[in-house]
Every structure is written in structure tokens, then in C-alpha cells.
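Everything below concerns the one structure shown next.
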Amino acid sequence: MTAPLPFLPFSRPTIDEATIAAVGDVLRSGWLTNGGPKAAAFEAELSSYFGGRPVRVFNSGTCTMEIALRIAGIGPGDEVITTPISWVATANVILEVGATPVFADIDPVTRNIDLDKLEAAITPRTRAIIPVYLAGLPVDMDRLYAIAGKNKLRVVEDAAQAFGSTWKGRRIGSFGDFASFSFQVNKNLTTGEGGCLVMNTPDEAVLAEKFRLQGVTRSGVDGIDVDVLGGKYNMTDIAAAIGLGQMKTIDAVNAHRRRLAEHYFECFGNQFEAQTGAQLPLAAFDTSNWHLFQIILPDSGPTTRADFMTRLKQQHQVGTGFHYAAIHLFSLYRELGFHEGMFPESERIGRLTVTLPMFYAMTEADVERVVAAVKAVLAK
Ligand SMILES: *Cc1c(COP(=O)(O)O)cnc(C)c1O
């Protein structure tokens, strides 16, 4: 009898020993948060990574998008267009600022918002769009900004998954309007929890700092004023120390993920889609950071998605996820009038998408193991 292989999760962070030591230094320093040296250093490194644009760090990628909408002055009466296939945070932030979410269906090949449908959804009340770069794959950025420019719309890029992704050789976040990144634990670069916002002007950065910490502005020795309603969204120096450590390895992390993705394609082979009816992701090796490797199961395959996920876990010790369920079908959104049939591509992919393991500590042998398990479960 052979022992079962160890469980392979779909994602696992890698924090190196130098970073763990740096966190220890922060804990010993006595300065854990509020304008600490690590958060400032992390912001400076991120700014240079994004071509010198202003960057501020926060305690999540969710608040980062909400703050971008607030800086842009989006509120009640305004419509914001986004995709149904994202983490629910993307649409929730539109509701948080009192604006109206409008969805446009996805392109079934890229699984990102379909820019034709986005354009068709624009009304005189549309003020902003939130594209999502699912799995780290950007949309057509030239077309996105042409649409935004023509219609005078602000763009809040939900680049939560796209740290290190590129468009025509330029990093996502180094150009465009607002770009929001998440450092949640599954992301290519993590601080445990956290996020950053890339902005256009120093004035926007000042406003971001106010929204980040109760609207406070300090001056002189004991001067303090509050002139906007802010929240409590600042990043700790503990988290920033993790981020600074992760900045040193992010290029190697993304290169390794790309090699793993290439190996997935090699192992699945040219016949996999025809033989199983499943769909592989777009082979976007010029642009994606390969945050996720997702397959779409066949609509009427030998298993349901739940059965597929259960068998991978129980019979093959392979963990999977689903990113994401269609947002407009959640109860909160149904109460706003959304229902089945409105966004058929999103609904199909929301039901059938499966995220396979993809993380820095994975090996090519792990990829081979996952592919063999997927093929075994999908075989009739
Ligand atoms: C992770 C993620 C978020 C939210 O980021 P948090 O840091 O968890 O708040 C939003 N959108 C997408 C697409 C994400 O993947």
C-alpha cells in the first residue's frame, strides 16, 4: 500500500526567513503602526515599481477601491459599471459609497468584462467603471481607456490579482487612472491582509490619507483638524515589513508561476478540451501574472462541480477553489432587482469555474499530479 500524497492546497503563501526576521525587528522596535517607517518605505518602493506614481497603502484591497470611488466623488445617483465575475467586494464598494452598481457580462474566453457590453451599458448617469483583471489577465487596456476618455468616466482598476501583470510591456498600475491592488494572503504579493492604491496626483494622495485615518490632518506640534469623513484603514508596520520582504521576490514569484502555467498547458495537451469539453484559460503569457489557473468544466460532464471538487480532494488530495460565483445572483443583489438570465456567460462560468493549485512553492511534479487527477475525474 502506498501512503497518500500530502494535501496540495490551491494557494499557499511563501514568507522567507529574512522577512520573518524583519517582522521580528518591527515587533521589537516598539513602533507597530500609525505613520511608521516600514509603511512609508513600502509606499516608496511601490511608487517606484509603478513608475513614480503616488501610492498609499491600506489594510485591504476592498477599502482601497472604496476610497478611490470617494476620491473621485462617486456617490448617490451615480452609476458604476463592473463585472459579475469577481470577488463580491468589487460590487459592494459601489453600494458602500451609495452609488448604483451596473453589471456588464463577461467575454467567455478572457472571463473579464466584455468591453462591447460595458460600452452598451453606459448611460448619462454613468460616472465610473471598475474593470477586474481576473486571474491577473488585464482587459484590452487601450480600448478600456478609449471608452473611458470618450465618455469622461473615471476608472478604478480592480487590479487586486494583477500585481506584476503587464500590457504591451508596461506594468498594470504604472499608467491609467486609479489602480487598486490587494495583498490578501492568496495574492502573488501578500502582507497577510492589505492593499495599495496607485493615484494620479499628490492632491489625490492627500485625500487618500484622510480617508484612510478618520479624515485627520495634523499640523505643527498639536494642530489637528477633520474635514472629511474617513475610516480606519491604515496598514500596520508589521504588514508593511512583510510587503517589503515580498517586493524582493515578486519577480521570481511571477516568473515561477508563469513556468507552472506553461507546464499546465503542456500536461493538459492539445486534446484535453476536445476530449472533455472543459475549457483552459487564455494562454496569455505576454500579460498575465498567472495569479490563478482556472478551468471551466463542461456544462453536462460526468460530474457536477461539487462532485469534481470533492473527488479531487478525497481521492487525489488536491485542493481547488471557485473564483467566482456571479455577484448579481447573491441575495443582496437579487433584492436590488438582479436575477437569473441577465448575464448568461457570467452565470455559466460562475457555476462551472474551478481554480487549480498555483503558488510559488509548487513544483512541476505537483502540476503533473494535478493534471493527472483532473483527467482521471473527468474521464467517463
Ligand atoms: C482579493 C480581491 C479583492 C479584495 O481584496 P481584499 O484585500 O481581500 O480586500 C477584490 N477584488 C478581487 C478581484 C480580489 O481578488
Is the distance between the ring centroids of His328 and Tyr333 under 6.0 Å? no
Phe322-Phe308 aromatic ring centre distance below 6.0 Å: no
Between [X] and [Y], do the side chains contain an N or O donor and an N or O acceptor separated by less than 3.5 Å?
X	Y	value
Ser346	Asp105	yes
Thr90	Asp158	yes
Gln161	Tyr133	no
Asp307	Thr310	no
Asn254	Asn188	yes

Does the distance from a Lys or Arg side-chain N to an Asp or Glu carboxylate O, for [X] and [Y], drop under 4.0 Å?
X	Y	value
Glu262	Arg259	no
Asp78	Arg125	no
Glu340	Arg334	yes
Arg351	Glu347	no
Arg56	Glu209	yes

Tested for side chain to side chain contact (heavy atoms under 4.5 Å, CB included) against Pro101, the lone hit among Leu95, Thr82, Val93 is Leu95
Table please: side-chain donor-acceptor pairs of residues 194-206 below 3.5 Å, with sequence neighbours left out.
residue: Asn200; atom: OD1; partner: Arg53; partner atom: NH2; Å: 2.9
residue: Asn200; atom: ND2; partner: Asp177; partner atom: OD1; Å: 2.8
residue: Asn200; atom: ND2; partner: Glu204; partner atom: OE1; Å: 3.2
residue: Thr201; atom: OG1; partner: Glu204; partner atom: N; Å: 3.1
residue: Glu204; atom: OE1; partner: Asn200; partner atom: N; Å: 2.8
residue: Glu204; atom: OE2; partner: Arg154; partner atom: NH2; Å: 3.1

Do Val132 and Ile85 have side chains that approach each other closer than 4.5 Å (heavy atoms only, starting at C-beta)? no
Side-chain contact test, heavy atoms from C-beta onward, threshold under 4.5 Å: evaluate it for Pro281 versus Gln294 and give yes or no. no
Tell me, please, whether Phe58 has Arg212 positioned over its six-membered ring: NZ or CZ under 6.0 Å from the ring centre and within 45 degrees of its axis? yes
Tell me whether the guanidinium CZ or amine NZ of Arg257 lies under 6.0 angstrom from the six-membered ring centre of Phe359 and within 45° of its axis. no
Mind checking whether Phe285 and Ile172 sit in one hydrophobic cluster, side chains of I, L, V, M, F, W, Y counted as touching below 4.5 Å? no
Same hydrophobic cluster for Val55 and Val155, using side-chain heavy-atom links shorter than 4.5 Å among ILVMFWY? yes
As an exercise, state the distance from CZ of Phe343 to CD1 of Ile327, rounded to the nearest 0.5 Å. 11.0 Å
State which residues pass side chain to side chain contact (heavy atoms under 4.5 Å, CB included) with Thr110; sequence neighbours excluded, sorted by chain then number. Asp107, Asn112, Leu137, Leu282
Sequence neighbours excluded - salt bridge (Lys or Arg N to Asp or Glu O under 4.0 Å) pairs with any residue from residues 129-146: Asp116-Arg143, Glu119-Arg143, Asp142-Lys168
